[in-house]
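All values derive from a computational prediction rather than experimental measurement.
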Amino acid sequence: MKRLNRETDRLAQGENTEPIPILNEQDEIGELTKIFNQMSASIIGQKKNLQLNNEALQMQSEELLAQQEELHTQQEELEEALNVTLQNEQHLKYRNELTETLAARETFTAYEMVVEKLVAITHAEFGAIIFYDRDHLEQVFSFGITETAIEKITMPGSIVERANLLRRITQSDKQVALDHPLPHPYYIFEAAIPVLDADSGEILACIYLARYKMQFEAGELEDMMSFARQISLSLLRMRMFDEMQVEKEKTTSLIHSIREAMMYIENNKVLANHALLNLFDYSQYNDDKQNIRGLISLDVEDELLVRRIDQKEKFNNFMDKVYSNTIPHEDIQITLNDGAKVVTIYAEEVRYHASLKGIMLVLKDVTHEVGV
């Protein structure tokens, strides 16, 4: 009986018990012992099942936690990948905008946007493009930088001057002055990328970029070198265009200074000099002809001009040959204003690289020579 009480107490306290031998199944103690053993076995079995269930639940909980952590990691990776994709899209957009700007023939003012895009692509704080003309500073376009800072980066001994002298990318990092408002010192990282004429090695410009976070990486500098080459081509194209404009103005001025009347025909477009207007007394342009910088666009079939020609059919046949690029080899002679003026006309080919570009007509007033 004592053992039964002891084992009952242990069972009540949640401890495992051992089966109690039954001495006599017929008496009351034997019956109680039998019931106790059955109850103890049942409780112990349920306890084991609960432990197994708890272990299974624990494992499931750990698996769920691991899955949640994995999902969280995947979400972070997806968010990071999305941010990288968005940055790449923005980067590509800026690159395309820069390429389009540099591919077009623009004035220097277009470089204000170019500097801003270069700063954005490299995540720089500020930047500038310094342009040179025969090694002399010509113009500076900047973004986020003061005039004082521009003077510092272009002065002798600056990173820009070193990059120009070395003809290669130059980087530097330096601690910013200690009188700044931050509680700790910080550094500025600079990069200067020279823009060179690939043929002559002449310095055309220099890209300057600066930021506080970190040095410029190799990939970023390769991008900048690519843009430097595009800028070089853009500047050379602009220079060539300007030189062509100067040559065109010189040629136009020369043609206007010739006393003989001249007409140039190309693709059925007719250009004339001042002497031709004077020859035909063509007053439509007389009032403002001194303000005309280029050759004068002329409508040969204009009634005001053609009606001054006495031999209209002869002149029109001559012009038909010219318009068809059949060069008349013989001069023609016509009179103007009922014989008041005698004019000879002859044609010359204008060729470029052996290809016919146009036809030049020279109209010479020979009135005094023929004694009219």
Side-chain angles (χ1 to χ4, degrees), residues 94-95 98-99 101-103 106-178 180 185-243:
Y94 288 153
R95 285 181 64 92
L98 277 175
T99 301
T101 301
L102 295 174
E106 299 284 352
T107 60
F108 271 121
T109 54
Y111 284 94
E112 292 180 357
M113 185 274 288
V114 171
V115 177
E116 183 176 353
K117 297 300 182 186
L118 290 175
V119 168
I121 287 174
T122 57
H123 304 289
E125 305 293 335
F126 48 88
I129 299 182
I130 302 97
F131 294 95
Y132 298 91
D133 183 15
R134 274 69 177 177
D135 293 330
H136 296 290
L137 193 151
E138 181 181 19
Q139 201 164 6
V140 178
F141 289 99
S142 63
F143 177 80
I145 187 170
T146 64
E147 292 293 331
T148 302
I150 290 174
E151 291 178 1
K152 289 182 179 179
I153 65 172
T154 56
M155 65 189 301
S158 68
I159 184 174
V160 169
E161 186 187 59
R162 296 201 307 274
N164 292 342
L165 290 173
L166 296 172
R167 299 298 200 266
R168 60 177 172 81
I169 295 175
T170 303
Q171 294 192 78
S172 75
D173 58 270
K174 57 188 176 184
Q175 183 174 322
V176 179
L178 295 177
H180 58 78
Y186 63 99
Y187 292 81
I188 183 170
F189 301 95
E190 300 174 301
I193 304 94
V195 179
L196 307 174
D197 180 344
D199 294 328
S200 67
E202 176 190 353
I203 293 291
L204 303 175
C206 188
I207 302 170
Y208 170 81
L209 298 165
R211 66 188 184 192
Y212 299 120
K213 297 178 182 178
M214 65 188 74
Q215 283 189 334
F216 293 93
E217 298 177 357
E220 293 173 315
L221 296 177
E222 287 178 7
D223 279 348
M224 292 305 101
M225 281 302 300
S226 174
F227 287 127
R229 287 188 287 270
Q230 291 186 47
I231 291 172
S232 173
L233 293 175
S234 175
L235 292 174
L236 292 173
R237 185 171 57 250
M238 289 171 60
R239 179 183 291 181
M240 184 180 298
F241 183 87
D242 291 339
E243 290 174 353

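Side-chain atoms of Leu236 and Asp199, non-hydrogen and from C-beta on, never get closer than 4.5 Å to each other. Using a 4.5 Å cut-off on side-chain heavy atoms (C-beta onward), Thr148 and Lys152 make contact. Between Ile145 and Ile153, some side-chain heavy-atom pair lies under the 4.5 Å cut-off. Side-chain contact between Leu209 and Glu220: absent, with no pair of heavy atoms (C-beta onward) separated by less than 4.5 Å. Taking 4.5 Å as the limit, some side-chain heavy atom of Ser172 sits within range of a side-chain heavy atom of Glu190. Residues Tyr132 and Cys206 are in side-chain contact: their nearest non-hydrogen atoms beyond the backbone lie under 4.5 Å apart. In this structure, Ile129 and Val140 have side chains that are not in contact, with every pair of non-hydrogen atoms separated by 4.5 Å or more. Val114 places none of its side-chain heavy atoms less than 4.5 Å from the side chain of Phe141.
A distance-only check finds a donor-acceptor pair linking the side chain of Arg211 to the backbone of Thr122 [under 3.5 Å]. Ser232 places no side-chain N or O within donor-acceptor distance of the main-chain N or O of Val195, the cut-off being under 3.5 Å.
Of the inter-residue distances, the one linking Asp197 atom CG with Leu233 atom CG reads 9.5 Å to the nearest 0.5 angstrom. Interatomic distance, CZ of Phe126 versus CD1 of Ile188, reported as 3.5 Å (0.5 Å rounding). Taking CZ from Arg168 and CZ from Arg162, the interatomic distance works out to 9.5 Å, rounded to the nearest 0.5 Å. With rounding to the nearest 0.5 angstrom, the CG atom of Leu118 is 5.0 Å from the CE atom of Met224. Distance check: Ile193 CD1 to Gln171 CD gives 8.0 Å after rounding to the nearest 0.5 Å. Taking CG of Leu137 as the start and CE of Met155 as the end, the distance is 13.5 Å to the nearest 0.5 Å.
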Candidate pair Ser234 and Tyr111, rule side-chain hydrogen bond (donor to acceptor under 3.5 Å, both in side chains), full reasoning: CA-CA 11 Å; Ser234 175; Tyr111 284 94; 2.9 Å; yes

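Nearest heavy atoms, Ile150 versus Ser142: CD1-OG, 3.5 Å. Nearest heavy atoms, Phe216 versus Ala210: CZ-N, 3.9 Å. Across every non-hydrogen atom of Thr170 and Ala163, the tightest pair is OG1-CA, 3.3 Å. Closest heavy-atom contact between Leu221 and Ala191: CD2-CB, 4.1 Å.
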